[in-house]
Student: 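There's a structure below that I have some questions on.
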Amino acid sequence: MDLRPIGVFDSGLGGLTCVKKLIEVLPNEDIIYFGDTGRVPYGGRSRETIKKYARQDIAFLQSFDVKAVVAACGTVSTNGLGEISGEYRIPIRGVVRAAAEAAARATRNGRVGLIGTKASIRSTVYDDMLLAARPGVSIFKRACPLFVPLVEDGRGPGDRVLELVAEEYLRDMLNSGVDTLIMGCTHYPIIRDVIAGVMGPDVTLIDPGAETALALRGELEAGGALREGDTGTRRYFVSDSTEDFGAAASIFLGSHVEGDVEQISLDEILR
Ligand code: DGL
């Protein structure tokens, strides 16, 4: 048994889609969430900048003596996380491996789509993991840079602008004949219905945050590191104002936010 909390971070609120699943499958775990809302989005930035931000985000979470860190951000997970994870004594897990393995299991025709931020699509980490999990798989990729700002702006199903953007982004993906689509940015499950509306009912959508939560449970179980006993506590930290956090976070979590919400100064992590 390991009583230490699990640390989770994202550039903004998207990582809460992973927290939602963690709360469901690991209800006894204490969770510390950090959303770098003062610097979101990361997806248009360079690999070096994304790595620098990731190190700072991890350093902040480490100040809580966490037993593992989940980079619940597709952009961080595909831009150098593999290189920097070796710098830590605790496991630093991204969202790519679990999502790629789930997609490899799900596809029937061997045609898998990936949508994500520009930085994620530029990277080949997903290609490598998918090909390792299922040799010969065909991969179709498309950057969808407007999705994150639209989601952070609170737009969802029924919003005409979002639906128009989704149709434009996903038209070629639909025509490519994929039967499985990885929503490679943790913000995208919030607009799952809009994506499904374009792709149709026969395309399986993969949620990397949720898959990663399931994989982490397996790892903690195998390592005897689960926390047993009472229901876990949750603390949320953001690097910008907490003012609208509750309303926005409840959409991502699918329930009312329970736990403290605090704003931290970026200076605390910019060391
Ligand atoms: N949730 C992040 C991701 O999974 C958002 C991307 C961004 O900050 O641009 O990629």
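Throughout, numbering of the chain's residues begins at 1 and tracks the sequence. Order of listing sets the numbers, starting from 1, for every ligand and every atom in it.
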Student: Can a salt bridge be assigned to the pair E29 and R4 using a cut-off of 4.0 Å between side-chain N and carboxylate O?
Tutor: no
Student: For atom 4 (O) of ligand 1, what is the nearest protein heavy atom, given as residue, atom name and distance?
Tutor: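 Going atom by atom, the protein heavy atom closest to atom 4 (O) of ligand 1 ends up being G74 N, 2.6 Å.
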Student: For the backbone of S176 and the side chain of R111, can you confirm whether one donor and one acceptor N or O come within less than 3.5 Å of each other?
Tutor: yes
Student: Kindly confirm or rule out a cation-pi arrangement of R39 over Y53, judged by NZ or CZ under 6.0 Å from the six-membered ring centre and within 45° of its axis?
Tutor: yes
Student: Report the part of S11 in contact with ligand 1, treating N, CA, C, O as backbone and CB onward as side chain, heavy atoms under 4.0 Å; options are side chain, backbone, both, neither.
Tutor: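 The answer is the side chain.
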Student: Do T17 and T186 have side-chain atoms, one donor and one acceptor, less than 3.5 Å apart?
Tutor: no
Student: Taking only heavy atoms of T75 into account, list the atoms of ligand 1 that are under 4.0 Å away from them.
Tutor: 3 (C), 4 (O), 6 (C), 10 (O)
Student: Looking at R160 and E163, does any basic side-chain N land under 4.0 Å from a carboxylate oxygen?
Tutor: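 Salt bridge between R160 and E163, a charged N being under 4.0 Å from a carboxylate O: no.
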Student: Please say whether G43 places an N or O atom under 3.5 Å from an N or O atom belonging to ligand 1.
Tutor: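 Yes; at least one N/O pair falls below 3.5 Å.
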Student: Is the closest N or O pair between C185 and ligand 1 shorter than 3.5 Å?
Tutor: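 Between C185 and ligand 1 (N or O atoms, distance only) the closest approach is not under 3.5 Å.
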Student: Which ligand 1 atoms, with their elements, are less than 4.0 angstrom from a heavy-atom of T117?
Tutor: 6 (C), 9 (O), 10 (O)
Student: What I want to know is whether H187 and ligand 1 share at least one N or O pair that is separated by under 3.5 angstrom.
Tutor: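 So ligand 1 has an N or O lying under 3.5 Å from an N or O of H187.
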Student: Under 30°, 30 to 60°, or over 60°: which ring-plane class applies to F237 and F64, parallel, tilted or perpendicular?
Tutor: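 Plane angle between 30° and 60°, so tilted.
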Student: What residue and heavy atom of the protein are closest to atom 7 (C) of ligand 1, and at what distance?
Tutor: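 That would be Y42 N, 3.3 Å.
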Student: Among all the protein's non-hydrogen atoms, which is closest to atom 2 (C) of ligand 1, and how far away is it?
Tutor: D10 OD1, 3.3 Å
Student: Below 3.5 Å, N or O to N or O, backbone or side chain included: is there any such pair between S120 and ligand 1?
Tutor: no
Student: Say whether R122 and N79, considering side chains only, have a donor N or O and an acceptor N or O under 3.5 Å apart.
Tutor: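 The answer is yes; a qualifying pair exists.
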